[in-house]
Number of protein chains: 2
Amino acid sequence: MSVQERKERERARRHRLIVATARELAESQGWDAVTTRRLAERIEYSQPVLYSHFRGKREIVGAVALEGFAELAAAMRAAVGGGTGAGPGDGPGPGPGDDSGAGQGAGPGGRDRARVAALAQAYIDFAGRNPALYDAMFLLDSGLAFADEATPPPLREGFQALLDTLTGVSGDAEPGLFTEVFWSCLHGLVTLTRAGRLPPGDASRRLDLLVDRFTRA
Amino acid sequence: MSVQERKERERARRHRLIVATARELAESQGWDAVTTRRLAERIEYSQPVLYSHFRGKREIVGAVALEGFAELAAAMRAAVGGGTGAGPGDGPGPGPGDDSGAGQGAGPGGRDRARVAALAQAYIDFAGRNPALYDAMFLLDSGLAFADEATPPPLREGFQALLDTLTGVSGDAEPGLFTEVFWSCLHGLVTLTRAGRLPPGDASRRLDLLVDRFTRA
DNA sequence: CTCGTATGTCTAGCGGTGCTAGAGTTCGGG
DNA sequence: CCCGAACTCTAGCACCGCTAGACATACGAG
């Protein structure tokens with residue numbers, strides 16, 4: 001039986017190799033350069049082996065995107081620290097209103113603002129650091145399901161990371177909705193900036209303004 | 001000389017035909033279906049004539065996108081009416097601080113909110129009504145310059161339409177920056193919703209929340 | 001150790017893409 | 001009427017994602 005295990009290990013190894021190579025190629029030359037032929041050449045196999053691991057190119061993109069979601073979630077967790085918000089793993093997630101809204105007093109507002117700013121900065125930094133990865137996650141068609149029961153764990157985890165931090169500042173709004181909107185704003189900022197639609201210089205000022213709008217009141 | 005004029009007219013006519021056909025095809029079957037061959041067949045010419053009008057497919061997408069920007073600008077203008085904001089054409093545009101910030105009193109706040117809401121709704125409606133057009137404008141590579149001196153007039157006009165309405169509610173923030181951020185949020189909302197990243201049901205509630213965040217204070 | 005088989009990989013090729021060179025035709029001006 | 005210029009089309013390039021079928025390799029049974 002050991003021989004089968006060895007083969008399976010090698011297969012898994014090659015699987016990872018494909019994903020890693022696709023990611024590197026995309027990050028260094030853009031997704032347009034990621035063709036099945038080039039990819040096959042890089043991993044030193046012929047194209048058909050790709051199709052023994054993935055149903056098609058879309059699924060390869062999806063695999064890269066999945067890595068991205070996991071890393072993004074980790075980056076956001078790291079940015080806000082294990083601090084005040086509902087921590088990960090200490091329950092099924094915060095029910096709406098556990099440390100209840102209406103916390104718009106002057107006291108801890110500054111701390112909240114700092115945490116949201118750190119979160120947002122982490123998001124923008126991640127996108128800037130891994131543009132091709134971000135494209136795989138959001139721009140390209142990766143065939144991943146989102147707000148759905150089939151949504152893969154890393155995606156849920158990413159959203160949860162946002163939710164945990166933002167729940168505290170959502171005020172009288174439903175935290176889920178609040179998070180969706182804030183996330184959309186971050187995504188819009190990233191997208192338009194990356195596409196050259198916004199002057200690149202004022203990126204941090206725009207982020208400041210956004211965080212302001214979502215942390216006051 | 002009349003013959004030359006006639007030819008030029010016919011050429012212009014064919015030019016418009018190409019753009020219109022590309023747009024229809026994209027709107028009915030998606031941009032993937034817009035290939036030079038299909039396009040050529042639809043206009044009843046061979047592919048090479050396309051290249052006598054446009055440098056390549058990207059430029060065709062760009063032409064469609066340009067139409068889109070003009071229509072989007074018009075839709076937003078119509079939505080806010082010729083009302084309170086700085087009207088179009090009555091000067092080179094409002095300088096920052098002409099009817100000065102700090103207007104966060106309770107009085108006209110409601111009216112401002114309504115106008116911003118109408119503007120945002122017009123934007124979202126436009127994107128929903130013309131998904132392929134919106135893709136050409138923002139998702140696809142149309143080769144159009146944006147925040148640049150080479151930015152085509154329709155793009156400037158679209159941004160100006162946003163700016164005119166938002167200047168009044170930007171508070172102590174720079175109106176240009178405020179507009180960029182708000183626009184980004186709208187774009188993010190549209191993008192994520194269209195990609196199935198957000199549950200489609202709560203679209204209007206999300207929009208409400210966004211408008212709230214940008215009109216209070 | 002040998003052999004049949006089963007697994008795995010590669011070569012070759014399909015229909016499609018954006019784009020272009022050069023042949024062919026049409027049509028206006030002298 | 002005929003020549004030349006302007007224009008269009010046929011044919012083809014290199015590349016794409018993807019797949020069928022030939023080929024080799026390595027395993028397990030006798």
Side-chain angles (χ1 to χ4, degrees), chain A residues 1-19 21-23 25-26 29-65 132 135-136 139-144, chain B residues 1-19 21-23 25-26 29-65 132 135-136 139-144:
Chain A
M1 279 303 153
S2 171
V3 46
Q4 237 176 17
E5 286 177 11
R6 194 206 64 210
K7 287 200 171 185
E8 208 157 319
R9 250 191 342 255
E10 288 176 353
R11 207 182 142 71
R13 180 184 173 79
R14 195 171 59 180
H15 191 98
R16 288 193 302 271
L17 177 62
I18 293 173
V19 177
T21 306
R23 179 174 173 176
L25 195 50
Q29 305 187 227
W31 278 105
D32 280 352
V34 183
T35 71
T36 56
R37 281 173 174 78
R38 251 191 287 264
L39 200 46
E41 195 195 6
R42 289 271 184 123
I43 65 169
E44 297 180 307
Y45 283 94
S46 60
Q47 298 103 320
V49 310
L50 298 175
Y51 293 86
S52 78
H53 286 269
F54 302 94
R55 211 180 297 265
K57 189 184 173 180
R58 164 198 306 225
E59 219 172 86
I60 299 178
V61 176
V64 174
D135 284 346
L139 219 62
L140 275 50
D141 179 18
S142 64
L144 295 178
Chain B
M1 282 304 149
S2 170
V3 46
Q4 238 175 15
E5 288 177 10
R6 195 207 63 210
K7 286 201 171 185
E8 209 156 319
R9 248 190 345 253
E10 287 175 354
R11 207 182 143 72
R13 179 185 173 80
R14 195 171 59 180
H15 191 98
R16 287 192 303 271
L17 177 63
I18 292 173
V19 177
T21 305
R23 178 174 171 175
L25 196 49
Q29 306 187 225
W31 278 105
D32 281 352
V34 182
T35 70
T36 56
R37 281 172 176 78
R38 251 192 287 265
L39 200 46
E41 195 196 5
R42 289 268 184 126
I43 65 169
E44 297 181 306
Y45 283 93
S46 61
Q47 298 104 318
V49 311
L50 298 174
Y51 293 86
S52 77
H53 285 270
F54 302 93
R55 213 180 296 265
K57 189 184 174 181
R58 163 197 307 226
E59 219 172 86
I60 298 179
V61 176
V64 174
D135 284 346
L139 221 61
L140 275 49
D141 179 18
S142 64
L144 295 177

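Protein chains get the first letters and strands the later ones, always in sequence-line order, with residue 1 at the start of each.
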From CD of A/Q29 across to C1' of D/dC15 the rounded distance in Å is 15 Å

Between A/A65 and A/A136 the two heavy atoms that sit nearest each other are CB-O, 3.5 Å

Atom CZ of A/R13 and atom P of C/dG8 are separated, to the nearest Å, by 18 Å

Here the distance between atom P of C/dC10 and atom CD of A/E44, to the nearest Å, is 11 Å

Residues at least two apart in sequence or cross-chain that pass ring pair (Phe, Tyr, Trp, His ring centres under 6.0 Å) with B/Y45, listed by chain then number, are none

Residues at least two apart in sequence or cross-chain that pass side-chain hydrogen bond (donor to acceptor under 3.5 Å, both in side chains) with A/R16, listed by chain then number, are none

The contact string for nucleotides 12-24 of chain C, one letter per nucleotide 5' to 3', using protein heavy atoms under 4.0 Å with B, S and - for base, sugar-phosphate only and none, comes out as -B---BBBBB---

Between B/L144 and B/G62 the two heavy atoms that sit nearest each other are CD1-O, 4.0 Å

In whole angstroms, the gap separating C1' of D/dC18 from CG of A/L39 amounts to 14 Å

Residues passing the side-chain hydrogen bond (donor to acceptor under 3.5 Å, both in side chains) test with A/E59, sequence neighbours excluded, are A/R55

Show me the donor-acceptor pairs within less than 3.5 Å that the side chains of residues 30-38 of chain B make with the rest of the protein, sequence neighbours left out.
from	atom 1	to	atom 2	distance (Å)
B/W31	NE1	B/A132	O	2.8
B/T35	OG1	B/R38	N	3.1
B/R38	NE	B/A33	O	2.7

Sorted by chain and number, sequence neighbours left out, side chain to side chain contact (heavy atoms under 4.5 Å, CB included) with B/L139 holds for A/L139, B/D135

Quick test: give all pairs of protein nitrogen or oxygen and nucleotides 4-8 of chain D nitrogen or oxygen below 3.5 Å, distance rounded to 0.1 Å.
from	atom 1	to	atom 2	distance (Å)
D/dT8	OP1	B/R14	NH1	2.7
D/dT8	OP1	B/R14	NH2	3.4
D/dT8	OP2	B/R14	NH2	3.4

Atom CZ of A/F54 and atom P of D/dG17 are separated, to the nearest Å, by 15 Å

Rounded to 10°, the helix from C/dC1-D/dG30 to C/dG30-D/dC1 deviates from straight, judged by its five-pair end axes, by 20°

Applying salt bridge (charged side-chain N to carboxylate O under 4.0 Å, His left out) to A/R11 and not counting sequence neighbours gives none

Sorted by chain and residue number, the side-chain hydrogen bond (donor to acceptor under 3.5 Å, both in side chains) partners of B/R42 (sequence neighbours excluded) come out as B/Q29

Can you confirm whether B/L39 sits close enough to B/T21 that some side-chain heavy atom of one is under 4.5 Å from a side-chain heavy atom of the other?
yes

For B/E44, the salt bridge (charged side-chain N to carboxylate O under 4.0 Å, His left out) test, sequence neighbours excluded, returns none

